[in-house]
Amino acid sequence: MTQDTSFSARFAHWQNRRHARRAARSRMAFGLVNPPEPRTIGSYAKGRHLLSGKIMLAGHLIHAGTKTIWQIRSPVPAFNDARHGFAWLDDLAAIGDSVARDVAQDWVQQWIAEFGRAKGDGWAPELVGRRVMRWINHAGFLTRGADDDDTDTFLKSLTQQAFFLSRRWHATPAGLPRLEALTGLIYAGLHLKGFDKYRESAANALAEECDGLIDSDGGIESRNAEELLDIFTLLNWAAAALEQSQHMPHDDHIATIQRIAPVLRALRQADGGLARFHGGGRGLDGRLDRALSQSGVKTRSKSGSVMGYQRLATGRTSLIMDVAPPPMGPDQTRGHASTLAFEMTSGRRPVIVNCGEGSSFGTDWARAGRATPSHSTLGIEGHSSARIAAGGDFLNDGPDKVPVELIRADNGSIMIEAAHDGYAASHGLYHIRQLELSPDGRNITGSDALTAVNDLHKARFDAVLDKTLLQGVLFQVRFHLHPDVTASLDMGGKAVSLTLKSTEVWVFRHDSKATMALEPSVYLEKGRLHPRPTKQVVLSTRSMTYATRVTWSLSKAKDTPNSIRDLEHDGPVILR
(Lines give C-alpha, C1' and ligand atoms only; values in the text may rest on other atoms or scores of the structure.)
Protein backbone atom coordinates (compact mmCIF):
# COMPACT_ATOMS: atom_id res chain seq x y z
CA MET A 1 0.00 0.00 0.00
CA THR A 2 2.82 2.38 0.89
CA GLN A 3 4.64 1.54 -2.32
CA ASP A 4 1.56 2.29 -4.44
CA THR A 5 1.05 5.59 -2.64
CA SER A 6 4.68 6.54 -3.16
CA PHE A 7 4.49 5.70 -6.86
CA SER A 8 1.26 7.73 -7.19
CA ALA A 9 2.88 10.71 -5.52
CA ARG A 10 5.95 10.52 -7.78
CA PHE A 11 3.78 10.17 -10.86
CA ALA A 12 1.65 13.17 -9.85
CA HIS A 13 4.80 15.22 -9.25
CA TRP A 14 6.15 14.26 -12.69
CA GLN A 15 2.84 15.22 -14.29
CA ASN A 16 2.83 18.56 -12.50
CA ARG A 17 6.34 19.31 -13.71
CA ARG A 18 5.46 18.30 -17.27
CA HIS A 19 2.42 20.57 -17.37
CA ALA A 20 4.35 23.36 -15.64
CA ARG A 21 7.01 23.24 -18.37
CA ARG A 22 4.27 23.30 -20.99
CA ALA A 23 2.72 26.33 -19.29
CA ALA A 24 6.08 28.09 -19.18
CA ARG A 25 6.41 27.66 -22.96
CA SER A 26 2.92 29.01 -23.69
CA ARG A 27 2.65 32.26 -25.63
CA MET A 28 -0.76 33.41 -24.43
CA ALA A 29 -1.64 37.08 -24.38
CA PHE A 30 -1.43 38.46 -20.86
CA GLY A 31 -3.08 41.26 -18.95
CA LEU A 32 -5.34 42.04 -15.99
CA VAL A 33 -9.05 42.68 -16.37
CA ASN A 34 -10.82 44.67 -13.61
CA PRO A 35 -8.30 43.97 -10.80
CA PRO A 36 -10.17 43.18 -7.55
CA GLU A 37 -9.83 44.72 -4.14
CA PRO A 38 -7.65 42.46 -1.93
CA ARG A 39 -9.69 40.03 0.18
CA THR A 40 -6.77 38.26 1.82
CA ILE A 41 -5.76 40.24 4.90
CA GLY A 42 -2.31 39.93 6.45
CA SER A 43 -0.62 40.86 9.71
CA TYR A 44 1.28 44.14 10.08
CA ALA A 45 3.47 42.63 12.83
CA LYS A 46 4.39 39.61 10.69
CA GLY A 47 5.19 41.96 7.82
CA ARG A 48 7.62 43.87 10.03
CA HIS A 49 9.30 40.61 11.01
CA LEU A 50 9.77 39.74 7.34
CA LEU A 51 11.38 43.10 6.66
CA SER A 52 13.76 42.59 9.60
CA GLY A 53 14.89 39.22 8.23
CA LYS A 54 12.81 37.06 10.60
CA ILE A 55 10.95 34.62 8.36
CA MET A 56 8.47 32.51 10.30
CA LEU A 57 6.42 29.98 8.33
CA ALA A 58 4.74 26.74 9.42
CA GLY A 59 5.93 27.25 13.01
CA HIS A 60 9.62 27.58 12.05
CA LEU A 61 11.61 30.79 12.47
CA ILE A 62 14.58 31.46 10.20
CA HIS A 63 16.87 34.43 10.85
CA ALA A 64 17.61 35.19 7.22
CA GLY A 65 19.73 38.28 7.73
CA THR A 66 20.30 39.79 4.30
CA LYS A 67 19.12 36.66 2.47
CA THR A 68 15.79 36.63 0.69
CA ILE A 69 13.01 34.16 1.33
CA TRP A 70 14.24 32.03 -1.61
CA GLN A 71 17.89 31.95 -0.51
CA ILE A 72 17.33 30.21 2.82
CA ARG A 73 17.15 26.47 3.33
CA SER A 74 13.69 25.11 4.12
CA PRO A 75 13.72 23.18 7.45
CA VAL A 76 10.59 21.11 6.66
CA PRO A 77 8.30 20.55 3.64
CA ALA A 78 5.51 22.58 5.28
CA PHE A 79 7.80 25.62 5.41
CA ASN A 80 8.59 25.23 1.73
CA ASP A 81 4.90 24.93 0.84
CA ALA A 82 4.12 28.04 2.88
CA ARG A 83 6.64 30.21 1.09
CA HIS A 84 5.54 28.95 -2.35
CA GLY A 85 1.89 29.60 -1.40
CA PHE A 86 2.69 33.32 -0.92
CA ALA A 87 0.38 33.94 2.05
CA TRP A 88 3.28 35.99 3.44
CA LEU A 89 2.55 38.49 0.65
CA ASP A 90 -0.57 39.49 2.62
CA ASP A 91 1.70 40.51 5.51
CA LEU A 92 3.93 42.73 3.36
CA ALA A 93 0.84 44.27 1.76
CA ALA A 94 -0.52 44.98 5.26
CA ILE A 95 2.44 47.35 5.74
CA GLY A 96 1.97 48.79 2.28
CA ASP A 97 4.82 51.30 2.27
CA SER A 98 7.49 51.62 -0.41
CA VAL A 99 9.99 49.45 1.50
CA ALA A 100 7.55 46.57 1.84
CA ARG A 101 6.48 46.99 -1.78
CA ASP A 102 10.07 46.87 -3.03
CA VAL A 103 10.73 43.68 -1.04
CA ALA A 104 7.52 42.07 -2.30
CA GLN A 105 8.29 42.94 -5.91
CA ASP A 106 11.86 41.71 -5.59
CA TRP A 107 10.83 38.37 -4.07
CA VAL A 108 8.16 37.82 -6.73
CA GLN A 109 10.66 38.50 -9.51
CA GLN A 110 13.14 36.13 -7.85
CA TRP A 111 10.50 33.41 -7.72
CA ILE A 112 9.78 33.86 -11.43
CA ALA A 113 13.49 33.70 -12.29
CA GLU A 114 14.18 30.61 -10.16
CA PHE A 115 10.93 28.63 -10.31
CA GLY A 116 8.80 30.16 -13.06
CA ARG A 117 9.99 27.69 -15.68
CA ALA A 118 9.22 24.67 -13.54
CA LYS A 119 12.84 24.33 -12.45
CA GLY A 120 11.98 23.59 -8.85
CA ASP A 121 9.26 23.30 -6.25
CA GLY A 122 5.96 25.09 -5.89
CA TRP A 123 3.99 23.53 -8.76
CA ALA A 124 1.43 21.46 -6.87
CA PRO A 125 -1.97 22.73 -8.10
CA GLU A 126 -3.12 23.79 -4.64
CA LEU A 127 0.04 25.88 -4.18
CA VAL A 128 -0.43 27.43 -7.60
CA GLY A 129 -4.05 28.21 -6.68
CA ARG A 130 -2.96 30.00 -3.50
CA ARG A 131 -0.26 31.88 -5.39
CA VAL A 132 -2.53 32.97 -8.24
CA MET A 133 -5.09 34.32 -5.77
CA ARG A 134 -2.46 36.34 -3.90
CA TRP A 135 -0.82 37.68 -7.04
CA ILE A 136 -4.17 38.79 -8.45
CA ASN A 137 -5.31 40.23 -5.11
CA HIS A 138 -2.12 42.27 -4.77
CA ALA A 139 -1.48 42.98 -8.45
CA GLY A 140 -1.62 46.74 -7.88
CA PHE A 141 0.85 46.46 -4.99
CA LEU A 142 3.18 44.28 -7.08
CA THR A 143 3.17 46.50 -10.18
CA ARG A 144 3.04 49.99 -8.67
CA GLY A 145 6.29 51.77 -9.44
CA ALA A 146 7.73 48.74 -11.29
CA ASP A 147 9.26 49.18 -14.73
CA ASP A 148 7.45 47.86 -17.80
CA ASP A 149 9.69 44.80 -18.19
CA ASP A 150 9.08 43.63 -14.61
CA THR A 151 5.35 44.21 -14.96
CA ASP A 152 5.24 42.20 -18.17
CA THR A 153 7.28 39.42 -16.58
CA PHE A 154 4.88 39.32 -13.62
CA LEU A 155 1.73 39.24 -15.77
CA LYS A 156 3.20 36.66 -18.13
CA SER A 157 4.11 34.33 -15.24
CA LEU A 158 0.68 34.82 -13.70
CA THR A 159 -0.94 33.85 -17.00
CA GLN A 160 1.25 30.77 -17.34
CA GLN A 161 0.38 29.62 -13.82
CA ALA A 162 -3.32 30.08 -14.55
CA PHE A 163 -2.88 28.01 -17.71
CA PHE A 164 -1.28 25.28 -15.57
CA LEU A 165 -4.28 25.37 -13.21
CA SER A 166 -6.69 24.93 -16.10
CA ARG A 167 -4.89 21.66 -16.95
CA ARG A 168 -4.10 20.27 -13.50
CA TRP A 169 -6.73 21.34 -10.95
CA HIS A 170 -8.51 17.97 -11.27
CA ALA A 171 -5.33 16.16 -10.16
CA THR A 172 -5.37 17.90 -6.79
CA PRO A 173 -6.48 15.76 -3.80
CA ALA A 174 -10.17 16.20 -3.05
CA GLY A 175 -11.00 18.56 -0.21
CA LEU A 176 -9.39 21.85 0.73
CA PRO A 177 -6.45 21.49 -1.76
CA ARG A 178 -8.83 21.12 -4.72
CA LEU A 179 -10.90 24.08 -3.54
CA GLU A 180 -7.71 26.17 -3.44
CA ALA A 181 -6.85 25.18 -7.01
CA LEU A 182 -10.38 25.88 -8.27
CA THR A 183 -10.66 29.22 -6.47
CA GLY A 184 -7.37 30.27 -8.07
CA LEU A 185 -8.75 29.30 -11.48
CA ILE A 186 -11.97 31.26 -10.83
CA TYR A 187 -9.88 34.32 -9.98
CA ALA A 188 -7.96 33.82 -13.23
CA GLY A 189 -11.20 33.43 -15.18
CA LEU A 190 -12.48 36.72 -13.79
CA HIS A 191 -9.35 38.85 -13.88
CA LEU A 192 -6.90 37.56 -16.51
CA LYS A 193 -7.16 38.23 -20.22
CA GLY A 194 -8.15 35.14 -22.20
CA PHE A 195 -9.27 33.05 -19.21
CA ASP A 196 -12.94 33.97 -19.10
CA LYS A 197 -13.70 30.67 -20.86
CA TYR A 198 -12.59 28.79 -17.72
CA ARG A 199 -14.70 30.79 -15.27
CA GLU A 200 -17.98 28.93 -15.63
CA SER A 201 -16.47 25.44 -15.71
CA ALA A 202 -14.33 26.21 -12.64
CA ALA A 203 -17.34 27.65 -10.78
CA ASN A 204 -19.39 24.54 -11.63
CA ALA A 205 -16.57 22.24 -10.51
CA LEU A 206 -16.31 24.18 -7.24
CA ALA A 207 -20.02 23.67 -6.62
CA GLU A 208 -19.68 19.93 -7.30
CA GLU A 209 -16.78 19.72 -4.85
CA CYS A 210 -18.92 21.43 -2.22
CA ASP A 211 -21.57 18.77 -2.59
CA GLY A 212 -19.09 15.95 -1.91
CA LEU A 213 -17.01 17.68 0.76
CA ILE A 214 -19.64 19.30 2.99
CA ASP A 215 -22.38 17.12 4.46
CA SER A 216 -26.05 18.05 4.61
CA ASP A 217 -25.59 19.56 8.09
CA GLY A 218 -22.66 21.78 7.08
CA GLY A 219 -19.86 19.70 8.58
CA ILE A 220 -16.80 17.85 7.25
CA GLU A 221 -15.50 14.35 7.87
CA SER A 222 -12.32 15.44 9.66
CA ARG A 223 -14.39 17.34 12.30
CA ASN A 224 -11.61 19.97 12.25
CA ALA A 225 -13.28 23.35 12.84
CA GLU A 226 -10.31 25.37 11.57
CA GLU A 227 -10.26 23.37 8.32
CA LEU A 228 -13.97 24.09 7.95
CA LEU A 229 -13.21 27.80 8.42
CA ASP A 230 -10.52 27.57 5.68
CA ILE A 231 -13.09 26.05 3.33
CA PHE A 232 -15.71 28.62 4.30
CA THR A 233 -13.27 31.48 3.70
CA LEU A 234 -12.36 30.20 0.22
CA LEU A 235 -16.02 29.81 -0.71
CA ASN A 236 -16.70 33.35 0.51
CA TRP A 237 -13.82 34.72 -1.56
CA ALA A 238 -14.93 32.88 -4.68
CA ALA A 239 -18.57 33.98 -4.26
CA ALA A 240 -17.59 37.61 -3.65
CA ALA A 241 -15.26 37.63 -6.67
CA LEU A 242 -18.00 36.24 -8.92
CA GLU A 243 -20.64 38.64 -7.65
CA GLN A 244 -18.34 41.67 -7.94
CA SER A 245 -17.76 40.75 -11.59
CA GLN A 246 -21.51 40.48 -12.22
CA HIS A 247 -21.55 36.67 -12.28
CA MET A 248 -23.80 34.70 -9.95
CA PRO A 249 -22.24 31.81 -8.00
CA HIS A 250 -23.81 28.40 -8.48
CA ASP A 251 -26.81 27.67 -6.25
CA ASP A 252 -24.97 24.76 -4.60
CA HIS A 253 -22.05 27.10 -3.85
CA ILE A 254 -24.32 29.57 -2.02
CA ALA A 255 -26.24 26.76 -0.30
CA THR A 256 -22.96 25.36 1.06
CA ILE A 257 -22.00 28.73 2.54
CA GLN A 258 -25.42 28.89 4.15
CA ARG A 259 -24.97 25.41 5.66
CA ILE A 260 -21.46 26.03 7.00
CA ALA A 261 -22.07 29.41 8.69
CA PRO A 262 -24.36 28.10 11.49
CA VAL A 263 -21.90 25.29 12.23
CA LEU A 264 -18.98 27.69 12.65
CA ARG A 265 -21.13 29.97 14.76
CA ALA A 266 -21.92 27.02 17.04
CA LEU A 267 -18.21 26.17 17.32
CA ARG A 268 -17.27 29.74 18.24
CA GLN A 269 -16.15 30.28 21.81
CA ALA A 270 -17.02 33.44 23.73
CA ASP A 271 -13.59 34.92 22.87
CA GLY A 272 -14.22 34.66 19.11
CA GLY A 273 -11.91 31.66 18.60
CA LEU A 274 -12.79 28.16 17.47
CA ALA A 275 -12.90 25.02 19.59
CA ARG A 276 -9.51 23.27 19.28
CA PHE A 277 -10.23 19.64 18.44
CA HIS A 278 -8.95 17.09 15.90
CA GLY A 279 -6.00 19.10 14.61
CA GLY A 280 -7.74 22.47 14.45
CA GLY A 281 -6.52 25.66 16.12
CA ARG A 282 -8.55 28.62 17.34
CA GLY A 283 -7.86 30.55 14.10
CA LEU A 284 -6.28 33.97 13.66
CA ASP A 285 -7.82 36.71 15.77
CA GLY A 286 -10.92 38.11 14.13
CA ARG A 287 -10.81 35.76 11.16
CA LEU A 288 -13.92 33.77 12.13
CA ASP A 289 -16.05 36.83 12.85
CA ARG A 290 -14.88 38.49 9.63
CA ALA A 291 -15.74 35.40 7.57
CA LEU A 292 -19.18 35.10 9.18
CA SER A 293 -19.85 38.78 8.53
CA GLN A 294 -18.71 38.57 4.89
CA SER A 295 -20.98 35.58 4.28
CA GLY A 296 -24.08 37.57 5.19
CA VAL A 297 -25.60 34.44 6.78
CA LYS A 298 -27.29 35.25 10.08
CA THR A 299 -28.91 31.90 10.89
CA ARG A 300 -27.82 29.82 13.85
CA SER A 301 -27.74 26.06 14.19
CA LYS A 302 -30.66 24.24 15.65
CA SER A 303 -30.28 22.81 19.13
CA GLY A 304 -28.39 19.54 19.30
CA SER A 305 -24.89 18.42 18.39
CA VAL A 306 -23.14 20.16 15.49
CA MET A 307 -20.41 18.26 13.60
CA GLY A 308 -20.14 16.01 16.67
CA TYR A 309 -19.88 18.86 19.22
CA GLN A 310 -22.29 20.26 21.78
CA ARG A 311 -22.14 23.89 22.87
CA LEU A 312 -23.36 25.38 26.13
CA ALA A 313 -23.41 29.16 26.55
CA THR A 314 -24.99 31.33 29.23
CA GLY A 315 -23.89 34.70 30.56
CA ARG A 316 -20.29 35.32 29.50
CA THR A 317 -19.32 31.63 29.60
CA SER A 318 -19.16 29.22 26.69
CA LEU A 319 -18.33 25.52 26.77
CA ILE A 320 -17.88 23.18 23.80
CA MET A 321 -17.68 19.41 24.23
CA ASP A 322 -16.71 16.64 21.80
CA VAL A 323 -19.67 14.23 21.74
CA ALA A 324 -18.80 11.92 18.84
CA PRO A 325 -16.22 9.25 17.94
CA PRO A 326 -13.00 10.55 16.39
CA PRO A 327 -12.79 10.53 12.58
CA MET A 328 -11.82 7.00 11.55
CA GLY A 329 -11.38 7.28 7.76
CA PRO A 330 -8.23 5.98 6.05
CA ASP A 331 -6.86 9.52 5.67
CA GLN A 332 -7.73 10.69 9.18
CA THR A 333 -4.25 10.71 10.70
CA ARG A 334 -4.82 14.00 12.53
CA GLY A 335 -7.91 13.09 14.56
CA HIS A 336 -7.62 13.09 18.34
CA ALA A 337 -8.79 10.63 21.01
CA SER A 338 -10.80 13.43 22.60
CA THR A 339 -14.32 12.03 23.00
CA LEU A 340 -16.14 13.82 25.86
CA ALA A 341 -13.33 16.38 26.27
CA PHE A 342 -14.38 20.03 26.57
CA GLU A 343 -13.00 23.55 26.34
CA MET A 344 -14.36 26.48 28.34
CA THR A 345 -14.00 30.24 27.89
CA SER A 346 -15.04 33.12 30.13
CA GLY A 347 -15.60 36.28 28.14
CA ARG A 348 -12.46 36.83 26.13
CA ARG A 349 -10.35 34.54 28.29
CA PRO A 350 -9.87 30.81 27.59
CA VAL A 351 -9.79 28.85 30.85
CA ILE A 352 -10.04 25.08 30.21
CA VAL A 353 -8.41 23.90 26.96
CA ASN A 354 -7.02 20.85 25.20
CA CYS A 355 -3.28 20.71 24.56
CA GLY A 356 -3.86 21.06 20.80
CA GLU A 357 -2.20 20.08 17.55
CA GLY A 358 1.52 19.33 17.90
CA SER A 359 2.64 18.44 14.37
CA SER A 360 4.57 21.69 13.91
CA PHE A 361 6.78 20.65 16.85
CA GLY A 362 7.64 17.20 15.47
CA THR A 363 6.16 13.72 15.25
CA ASP A 364 6.48 12.99 18.98
CA TRP A 365 4.50 16.08 19.90
CA ALA A 366 1.96 15.32 17.17
CA ARG A 367 1.35 11.86 18.60
CA ALA A 368 1.25 13.08 22.20
CA GLY A 369 -1.22 15.83 21.32
CA ARG A 370 -3.65 13.28 19.87
CA ALA A 371 -3.72 11.05 22.97
CA THR A 372 -6.49 11.23 25.55
CA PRO A 373 -4.26 12.57 28.39
CA SER A 374 -3.71 15.71 26.30
CA HIS A 375 -7.42 16.55 26.53
CA SER A 376 -9.67 17.80 29.29
CA THR A 377 -11.47 14.57 29.94
CA LEU A 378 -11.22 11.26 31.80
CA GLY A 379 -8.53 8.78 30.82
CA ILE A 380 -7.51 5.38 32.14
CA GLU A 381 -3.81 5.27 33.00
CA GLY A 382 -1.74 4.11 30.04
CA HIS A 383 -4.67 4.11 27.59
CA SER A 384 -6.41 6.42 25.14
CA SER A 385 -10.12 6.20 24.40
CA ALA A 386 -9.13 5.44 20.77
CA ARG A 387 -5.87 3.62 20.09
CA ILE A 388 -3.57 5.23 17.56
CA ALA A 389 -1.58 2.96 15.24
CA ALA A 390 2.09 3.59 14.47
CA GLY A 391 1.17 5.08 11.09
CA GLY A 392 -1.23 7.52 12.68
CA ASP A 393 -4.53 5.80 11.84
CA PHE A 394 -7.03 5.04 14.59
CA LEU A 395 -7.57 1.36 15.27
CA ASN A 396 -11.14 0.08 15.30
CA ASP A 397 -11.38 -0.34 19.08
CA GLY A 398 -12.13 3.31 19.78
CA PRO A 399 -15.52 4.73 20.74
CA ASP A 400 -18.31 3.32 18.62
CA LYS A 401 -21.36 4.59 20.44
CA VAL A 402 -21.58 8.09 21.93
CA PRO A 403 -25.13 8.73 23.18
CA VAL A 404 -25.71 12.36 24.13
CA GLU A 405 -28.62 14.30 25.57
CA LEU A 406 -29.06 18.04 26.08
CA ILE A 407 -31.28 18.87 29.06
CA ARG A 408 -32.69 22.33 29.78
CA ALA A 409 -33.86 22.76 33.37
CA ASP A 410 -36.74 24.95 34.50
CA ASN A 411 -34.32 27.26 36.31
CA GLY A 412 -32.50 28.07 33.04
CA SER A 413 -29.45 25.87 33.52
CA ILE A 414 -28.31 23.61 30.68
CA MET A 415 -26.84 20.12 31.02
CA ILE A 416 -25.02 17.76 28.66
CA GLU A 417 -25.16 14.06 29.52
CA ALA A 418 -23.03 11.83 27.29
CA ALA A 419 -21.17 8.54 27.33
CA HIS A 420 -18.71 6.55 25.22
CA ASP A 421 -17.59 2.93 25.05
CA GLY A 422 -13.94 3.55 24.26
CA TYR A 423 -12.80 1.55 27.31
CA ALA A 424 -15.39 -1.23 27.01
CA ALA A 425 -13.19 -3.54 24.92
CA SER A 426 -10.12 -3.15 27.14
CA HIS A 427 -11.65 -2.72 30.61
CA GLY A 428 -15.38 -3.35 30.31
CA LEU A 429 -16.07 0.25 31.30
CA TYR A 430 -18.09 3.13 29.83
CA HIS A 431 -17.14 6.75 30.50
CA ILE A 432 -20.22 8.78 31.43
CA ARG A 433 -19.88 12.57 31.74
CA GLN A 434 -22.38 15.17 32.91
CA LEU A 435 -21.73 18.92 32.60
CA GLU A 436 -24.17 21.57 33.81
CA LEU A 437 -23.86 25.32 33.22
CA SER A 438 -25.83 27.67 35.47
CA PRO A 439 -28.20 30.29 34.01
CA ASP A 440 -25.79 33.16 34.76
CA GLY A 441 -22.74 31.29 33.45
CA ARG A 442 -20.92 31.56 36.79
CA ASN A 443 -21.02 27.90 37.81
CA ILE A 444 -20.15 24.64 36.07
CA THR A 445 -20.79 21.36 37.84
CA GLY A 446 -19.59 18.09 36.45
CA SER A 447 -19.30 14.42 37.13
CA ASP A 448 -17.27 11.69 35.45
CA ALA A 449 -18.06 8.04 35.99
CA LEU A 450 -16.62 4.70 34.85
CA THR A 451 -19.37 2.08 34.71
CA ALA A 452 -19.72 -1.54 33.65
CA VAL A 453 -23.20 -1.61 32.11
CA ASN A 454 -23.90 -5.32 31.45
CA ASP A 455 -22.81 -8.79 32.49
CA LEU A 456 -20.24 -9.11 29.69
CA HIS A 457 -18.58 -5.85 30.69
CA LYS A 458 -18.70 -6.76 34.37
CA ALA A 459 -16.88 -10.03 33.62
CA ARG A 460 -14.27 -8.14 31.60
CA PHE A 461 -13.80 -5.62 34.40
CA ASP A 462 -13.45 -8.45 36.95
CA ALA A 463 -10.69 -9.98 34.82
CA VAL A 464 -8.85 -6.65 34.65
CA LEU A 465 -9.30 -6.17 38.39
CA ASP A 466 -7.78 -9.62 39.04
CA LYS A 467 -4.72 -8.65 36.97
CA THR A 468 -4.20 -5.63 39.24
CA LEU A 469 -4.31 -7.93 42.30
CA LEU A 470 -7.49 -6.11 43.32
CA GLN A 471 -5.69 -2.76 43.43
CA GLY A 472 -8.21 -1.24 41.00
CA VAL A 473 -8.03 0.55 37.66
CA LEU A 474 -6.15 3.83 37.98
CA PHE A 475 -7.71 6.75 36.09
CA GLN A 476 -7.41 10.52 35.96
CA VAL A 477 -9.73 13.38 35.06
CA ARG A 478 -7.65 16.17 33.56
CA PHE A 479 -8.41 19.87 33.15
CA HIS A 480 -5.70 21.55 31.07
CA LEU A 481 -5.42 25.29 31.68
CA HIS A 482 -4.67 28.03 29.19
CA PRO A 483 -1.13 29.46 29.69
CA ASP A 484 -2.57 32.85 30.65
CA VAL A 485 -4.33 31.30 33.65
CA THR A 486 -2.47 31.52 36.97
CA ALA A 487 -3.31 28.52 39.14
CA SER A 488 -2.65 27.95 42.86
CA LEU A 489 -3.72 25.29 45.36
CA ASP A 490 -5.83 26.62 48.22
CA MET A 491 -7.50 25.30 51.36
CA GLY A 492 -4.90 22.66 52.07
CA GLY A 493 -5.02 21.31 48.57
CA LYS A 494 -8.80 20.99 48.40
CA ALA A 495 -9.37 23.77 45.87
CA VAL A 496 -7.52 25.44 43.00
CA SER A 497 -7.83 29.17 42.33
CA LEU A 498 -7.64 30.11 38.66
CA THR A 499 -6.85 33.78 38.08
CA LEU A 500 -7.34 35.13 34.58
CA LYS A 501 -5.52 38.10 33.08
CA SER A 502 -8.75 40.06 33.45
CA THR A 503 -8.34 39.58 37.26
CA GLU A 504 -11.38 37.29 37.15
CA VAL A 505 -11.03 34.35 39.56
CA TRP A 506 -12.57 30.90 39.14
CA VAL A 507 -12.35 28.24 41.86
CA PHE A 508 -12.11 24.53 41.07
CA ARG A 509 -13.27 22.06 43.73
CA HIS A 510 -14.11 18.38 43.87
CA ASP A 511 -16.31 16.28 46.13
CA SER A 512 -14.93 12.77 45.89
CA LYS A 513 -12.24 10.46 47.18
CA ALA A 514 -9.92 11.39 44.34
CA THR A 515 -6.63 13.10 45.04
CA MET A 516 -6.16 16.50 43.38
CA ALA A 517 -2.87 17.82 42.07
CA LEU A 518 -1.65 20.75 40.01
CA GLU A 519 0.74 19.33 37.40
CA PRO A 520 2.73 20.67 34.42
CA SER A 521 1.11 20.69 31.00
CA VAL A 522 1.74 22.25 27.58
CA TYR A 523 -0.26 24.36 25.16
CA LEU A 524 0.50 23.42 21.56
CA GLU A 525 -0.23 26.54 19.55
CA LYS A 526 0.19 26.93 15.81
CA GLY A 527 2.64 29.63 14.80
CA ARG A 528 4.75 29.28 17.95
CA LEU A 529 8.34 28.11 17.93
CA HIS A 530 7.97 25.94 21.02
CA PRO A 531 5.15 24.46 23.14
CA ARG A 532 3.99 26.89 25.81
CA PRO A 533 4.29 25.63 29.38
CA THR A 534 1.10 25.66 31.43
CA LYS A 535 -0.64 23.73 34.21
CA GLN A 536 -3.35 21.11 34.53
CA VAL A 537 -5.64 20.16 37.39
CA VAL A 538 -5.61 16.37 37.77
CA LEU A 539 -8.05 14.27 39.80
CA SER A 540 -6.70 10.75 40.33
CA THR A 541 -8.43 7.69 41.81
CA ARG A 542 -9.02 4.00 41.22
CA SER A 543 -12.06 2.13 39.97
CA MET A 544 -12.67 -0.75 42.39
CA THR A 545 -16.34 -1.47 41.66
CA TYR A 546 -18.69 -1.58 38.70
CA ALA A 547 -19.42 2.15 39.09
CA THR A 548 -16.96 4.84 40.22
CA ARG A 549 -17.85 8.53 40.09
CA VAL A 550 -15.81 11.73 40.45
CA THR A 551 -17.70 14.98 40.97
CA TRP A 552 -16.29 18.48 40.63
CA SER A 553 -17.25 22.12 40.18
CA LEU A 554 -15.85 25.28 38.66
CA SER A 555 -17.27 28.51 40.04
CA LYS A 556 -16.59 32.16 39.41
CA ALA A 557 -15.58 33.84 42.64
CA LYS A 558 -17.91 36.58 43.83
CA ASP A 559 -16.99 40.22 43.35
CA THR A 560 -14.06 39.56 40.99
CA PRO A 561 -13.89 42.61 38.71
CA ASN A 562 -13.73 42.23 34.97
CA SER A 563 -11.36 44.35 32.93
CA ILE A 564 -12.88 46.98 30.64
CA ARG A 565 -11.40 45.07 27.71
CA ASP A 566 -13.34 41.96 28.68
CA LEU A 567 -16.57 43.82 29.33
CA GLU A 568 -16.45 45.19 25.79
CA HIS A 569 -17.38 41.70 24.63
CA ASP A 570 -20.82 42.11 26.17
CA GLY A 571 -21.49 45.65 25.01
CA PRO A 572 -20.37 49.22 25.54
CA VAL A 573 -18.99 50.28 28.88
CA ILE A 574 -20.07 53.64 30.28
CA LEU A 575 -17.68 55.25 32.75
CA ARG A 576 -19.25 57.70 35.18
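In this structure the side chain of Lys556 never reaches within 4.5 angstrom of the side chain of Val507, judged on heavy atoms. With a 4.5 Å cut-off on side-chain heavy atoms, Leu378 and Leu340 do not count as touching. Taking the side chain as every heavy atom from C-beta outward, Thr299 and Pro262 approach each other to under 4.5 Å. Counting only heavy atoms from C-beta outward, the side chains of Leu500 and Trp506 approach each other to under 4.5 Å. Between Lys526 and Glu226, some side-chain heavy-atom pair lies under the 4.5 Å cut-off. Annotation: side chain of Ser447 is not in contact with side chain of Trp552 (no heavy-atom distance under 4.5 Å).
Of all heavy-atom pairs between Thr233 and Ala291, the closest is OG1-CB, 4.1 Å. Nearest heavy atom pair, residue Asp322 against residue Tyr309, reads CA-CD2, 3.8 Å.
For the pair Thr468 (side chain) and Leu465 (backbone), a donor-acceptor distance under 3.5 Å is present. With hydrogens and angles disregarded, no donor-acceptor distance shorter than 3.5 Å links the side chain of Arg300 to the backbone of Ala266. In this structure a side-chain-to-backbone donor-acceptor pair under 3.5 Å is present from Ser74 to Val76. Judged by distance alone, the side chain of Ser295 and the main-chain N or O of Val297 form a donor-acceptor pair under 3.5 Å. Judged purely by atom type and a 3.5 angstrom limit, Arg532 has no side-chain atom pairing as donor or acceptor with the backbone of Glu525. Looking only at distances, a side-chain donor or acceptor of Ser318 sits under 3.5 Å from a matching main-chain atom of Ala270. Remark: side-chain polar atoms of Ser346 are not paired, donor with acceptor, to backbone N or O of Thr317 under 3.5 angstrom. Without hydrogens or angle criteria, Asp421 side chain to Ala424 main chain gives no donor-acceptor distance under 3.5 Å. Checking side-chain atoms of Asp217 against main-chain N and O of Gly219 turns up no donor-acceptor pair under 3.5 Å. Although no hydrogens or angles enter the test, the distance criterion places a donor-acceptor pair under 3.5 Å between the side chain of Glu343 and the main chain of Asn354.
Separating the CZ atom in Arg478 from the CD atom in Gln536 is a distance of 5.0 Å, to the nearest 0.5 Å. The NE2 atom of His278 lies 8.5 Å from the CE atom of Met307; values are rounded to the nearest 0.5 Å.
The pair Arg268-Asp271 does not count as a salt bridge, with every side-chain nitrogen at least 4.0 angstrom from each carboxylate oxygen. The pair Asp484-Arg348 fails the salt-bridge criterion, with no side-chain N (NZ, NE, NH1 or NH2) lying under 4.0 Å from an Asp/Glu carboxylate O. Using a 4.0 Å cut-off between a side-chain N of Lys or Arg and a carboxylate O of Asp or Glu, Arg349 and Glu504 do not qualify as a salt bridge. Checked for salt-bridge contact, Asp490 and Arg509 miss the test: no charged N lies under 4.0 Å from a carboxylate O.
Defined by atom type and a distance below 3.5 Å, a donor-acceptor pair is present between the side-chain atoms of Asp448 and His431. A donor-acceptor pair shorter than 3.5 Å can be found between the side chains of Asp462 and Tyr546. Counted by atom type alone, His375 and His480 present zero donor-acceptor pairs between their side chains at under 3.5 Å. Between the side chains of His336 and Arg370, no donor-acceptor pair is found at a separation under 3.5 Å. Side-chain N/O atoms of Glu436 and Ser413 include a donor and acceptor closer than 3.5 Å. Checking Ser543 against Thr548 by side-chain atom types alone, a donor-acceptor pair falls below 3.5 Å.
If you look at His427 and His383, their ring centroids are closer than 6.0 Å. The aromatic ring centres of Phe508 and Phe479 sit less than 6.0 Å apart. Under the 6.0 Å cut-off for aromatic ring centres, His530 and Phe361 do not qualify, their centroids lying 6.0 Å or more apart.
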